[in-house]
Amino acid sequence: MKILVCISHVPDTTSRINFIDNNTKFDTAGVQYIIGPYDDYALARAIELKESTGSTVHVLNVGLADTEPTLRKALAIGADEAIRINAEPTDSFFVASQIASQAKANGYDLILMGRESIDYNSGVVHSIVGELLSLPSVSPVMKLDIEGNKAKVAREIEGGKEYLEVNLPFVAGCQEPIAEWKIPNMRGIMSARTKPLKVVEPTTIDGGVKLTKFELPPPKGAVKMVSADKVEELVTLLKNEAKVL
Amino acid sequence: MSKVENKRAIKGGEFLIRETQAHEIFIPEEFNDEQKMIRQQCKDFLEKEVFNKLDEIDSMKDPKLMPSLLDKAGELGLLGTSVPTEYGGFGMDFNTTMLVAEVIGGGHSLAVALSAHTGIGTLPIVYYGNEAQKKKYLPKLATGEWKAAYCLTEPDSGSDANSGKTKATPSSDGKHYLISGQKMWITNGGFADVFIVFAKIENDKNLSAFIVEKTFGGITMNEEEHKMGIKGSSTRQIFFNDCKVPVENLLSDRENGFKIAVNILNVGRIKLGVAAIGGCKRTISLATNYAKERKQFGTSISNFGAIKHKIAEMVSKVFACESACYRAGQNIDDAYNGLVANGTDPAKAKLKSLEDFAIECAILKVHGSEVLDFVVDEGVQIYGGMGYSAEGPMDRAYRDARINRIFEGTNEINRMLTIDMLVKRAMKGTIDLMTPAMAVQKELLEIPDFGSTEEEGIFIREKKVLANLKKAGLMVAGAAVQKFMMKLSDEQEVLMNLADILIECYVAESTLLRVEKLIQTQGEQAASIQKEIALIYLHYAVEKASSAAKHSIAAFAEGDELRLMLLGLKRFTKIDSYNLKEARRKVANYVIEKGEYPF
């Protein structure tokens with residue numbers, strides 16, 4: 001079985017978020033990057049499947065050269081080969097289109113990724129990839145087993161769980177507890193440098209989406225205490241200052 | 001990673017008389033992507049397996065917990081970093097193993113168990129084992145299938161290790177040694193499968209070392225010791241009662257045990273120094289975030305100057321120690337690579353390179369453990385009442401730190417060793433201390449150079465301060481040697497002072513050089529906070545060394561000599577005034593904004 005795991009290269013969860021250039025650009029100064037945590041779960045499940053079924057695992061990222069350490073880490077965790085599509089990941093449609101064109105060329109039985117990335121959190125890339133490849137896509141997948149040419153999948157829905165049987169190939173947006181995230185071992189880290197990391201030029205696609213501005217939530221103001229016997233004052237404040245009534 | 005070809009060979013201990021250039025040292029900012037991945041791997045291991053179990057580990061309720069954590073570390077390859085690849089390890093260069101030791105060093109009791117296994121437990125076989133011994137033991141030690149412990153200390157033999165009473169008697173058929181005696185403070189004792197045991201064969205003057213398997217029989221032990229800190233690390237008293245050890249398990253030659261013990265401790269010392277940094281960084285991150293969250297008088301206490309002062313001091317000392325650790329680590333790697341390139345056997349080359357830098361190893365043991373104690377103490381203080389509560393994280397940090405000034409040779413023993421080794425090298429002519437010491441004596445009688453230097457470059461004035469500080473060291477050490485001659489070793493108080501001067505020269509120089517290299521490679525702006533740190537540390541070092549020198553001089557000089565030396569000291573410890581309050585605020589503000597040790 002050939003498995004593709006799509007990896008996003010995202011700021012560490014503890015990073016401070018700032019914007020520069022008139023709030024149009026994310027300030028990357030001093031930011032540590034990691035494999036998207038949901039992608040990490042997808043990768044961990046792919047490696048488990050590799051071990052139990054003898055599959056090969058490719059990892060893919062749409063990004064510029066600075067994302068390569070993130071891909072190397074995925075190789076250290078156990079992926080066999082990495083592909084970097086040499087482009088700025090501008091929007092979900094663009095990213096999904098690049099993934100789809102690689103997937104089409106390589107023919108995978110299973111395409112896994114996180115349910116969403118934790119930077120822009122669009123959560124739609126897996127659905128668009130499925131659409132572009134005319135494949136089923138399921139998200140969020142919390143359990144995934146392969147039986148023959150079918151996958152047995154458990155999915156979280158409002159108020160409960162849903163169990164599905166899906167024909168391969170298909171696209172899954174994953175989340176915990178699909179697998180326990182993996183720490184690369186020393187052997188993996190040392191072999192990562194010799195595993196292939198292919199750089200592929202992007203196909204020309206106009207995503208049609210342009211980012212114009214970011215806006216941070218307003219900073220939290222001071223707490224104003226209103227004594228319990230002054231309900232009138234509270235209502236006035238809520239109306240005129242907080243403007244919630 | 002070797003930069004041997006670009007460098008003049010640097011000798012251990014030579015820093016006192018040699019002006020090292022920034023390009024000659026390795027700085028932690030130069031770790032490559034693979035090393036960074038290893039650093040993250042270690043952090044992830046602690047985060048996933050250790051930090052969520054600290055109470056459980058320290059309670060010792062489940063005796064299988066610590067060995068199971070070591071098994072997990074083994075699966076990740078963390079136990080085989082120093083074991084050569086042909087014996088199932090990863091044969092990593094020294095500085096990468098230092099990096100692993102640093103991060104794991106933040107792991108409280110687990111850190112002690114892991115470092116005892118990989119260091120004093122495994123390394124004697126790596127460096128002194130014969131082929132059969134290496135083949136038999138190292139692969140299992142590298143994976144953690146077998147856990148190791150090191151049995152040197154006895155009830156009446158601690159710092160004076162060679163005075164141990166444990167005996168090894170050859171059996172009548174000549175096939176075994178029967179080991180009998182009592183060992184104490186044995187880390188990992190409760191679960192170890194393999195023990196490196198030091199004992200005297202018959203009436204030998206010196207110790208011999210043996211590889212002893214638990215299954216050899218004749219081994220009993222007391223219950224776990226109750227300790228002030230590192231409560232989750234197994235510490236036992238072990239009794240050997242006619243323990244039957246096959247003769248082929250003698251490690252290295254008969255009576256070579258003391259040398260093994262000493263050389264293994266060299267590695268242990270520098271690793272302890274760097275491991276202390278791991279503990280410091282975690283404490284700094286916790287304390288900084290607490291200071292940001294804790295509000296008094298209507299504002300975060302991190303906004304108060306007194307707290308900023310503490311944070312800046314903690315960070316500066318750690319940054320300085322870190323600079324010195326990785327500088328020395330790379331020196332050891334370079335020396336090793338040079339020896340191997342010249343045909344020396346790798347195990348011997350590793351030992352030789354560590355022995356060359358034994359002075360630096362002792363310095364870093366002392367400095368690292370004392371910086372750690374300073375940092376945890378201020379950590380408690382920043383936490384205030386919560387710092388004293390056993391519910392908060394500072395309680396464990398404070399208690400666990402304390403042992404570091406005691407094991408791997410007490411800091412007093414290490415201070416004395418530092419000077420002892422330096423003087424011995426000077427006597428042997430390995431390092432020429434005489435010429436520069438004489439030059440300093442001559443300079444004392446000359447009119448002072450008021451130093452209107454026109455030179456341009458980074459840290460010109462600071463380097464002059466440092467060069468003078470070294471002169472102060474040479475002046476005091478030279479006079480002490482002349483005064484006491486062979487009796488210098490009886491003057492322990494003076495030796496402590498001299499060691500302090502030496503330590504501060506080394507650490508301050510390492511910090512200046514690291515920041516100089518940073519400015520060269522990243523520019524003044526990017527390294528502006530680090531520049532403040534270098535200045536903060538330099539001022540601290542001058543103050544500390546100057547005070548140590550003053551005490552030392554007063555202990556042996558009087559009259560005109562005393563006056564002349566005090567004048568010289570004043571001249572050699574002159575440093576321009578600098579607004580350290582502002583410098584500390586800049587550093588602290590940066591650290592507070594980042595919410596962790598940021599370098």
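Basis for what follows: all heavy atoms, side chains included, without hydrogens, waters or symmetry-related copies. Naming convention: chains lettered A, B, ... in sequence-line order (proteins, then strands); numbering from 1 in each chain.
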Asks: Checking an interface table here. Which of residues 36-48 of chain B come within a heavy-atom distance under 4.5 Å of chain A?
Replies: B:M37, B:I38, B:Q40, B:Q41, B:D44, B:F45, B:K48

Asks: Within the supplied structure, the quantity of interest is the number of heavy atoms (other residues, nucleotides, ligands) at a distance under 6.0 Å from A:D21 CG; does it exceed 12?
Replies: yes

Asks: Within residues 75-84 of chain B, which positions have a heavy-atom distance to chain A below 4.5 Å?
Replies: B:E75, B:L76, B:G77, B:L78, B:T81

Asks: Going by residue number, which parts of residues 187-197 of chain A are within reach of chain B, meaning a heavy-atom gap below 4.5 Å?
Replies: A:R187, A:I189, A:M190, A:R193

Asks: So for atom NZ, which belongs to B:K531, do other residues, nucleotides or ligands contribute more than 12 heavy atoms lying within a distance under 6.0 Å?
Replies: no

Asks: Run the numbers on B:E593 and A:R16 for side-chain contact (heavy atoms from CB on, under 4.5 Å), then give the verdict.
Replies: CA-CA 9 Å; B:E593 193 204 319; A:R16 268 180 74 94; 4.0 Å; yes

Asks: If you look only at pairs with a residue in residues 34-74 of chain A, which of them pass as a ring-ring contact (aromatic ring centres under 6.0 Å, His included), with sequence neighbours excluded?
Replies: A:H58-A:Y108

Asks: Is the number of heavy atoms from other residues, nucleotides or ligands under 6.0 Å of A:Q32 CD greater than 12?
Replies: no

Asks: Please determine whether the number of non-hydrogen atoms from other residues, nucleotides or ligands lying under 6.0 Å from atom NZ of A:K2 exceeds 12.
Replies: yes

Asks: When you look at CD of A:E215, are more than 12 heavy atoms from neighbouring residues, nucleotides or ligands closer to it than 6.0 Å?
Replies: no

Asks: Taking atom CD of B:E29 as the centre, does the number of heavy atoms from other residues, nucleotides or ligands within less than 6.0 Å exceed 12?
Replies: yes

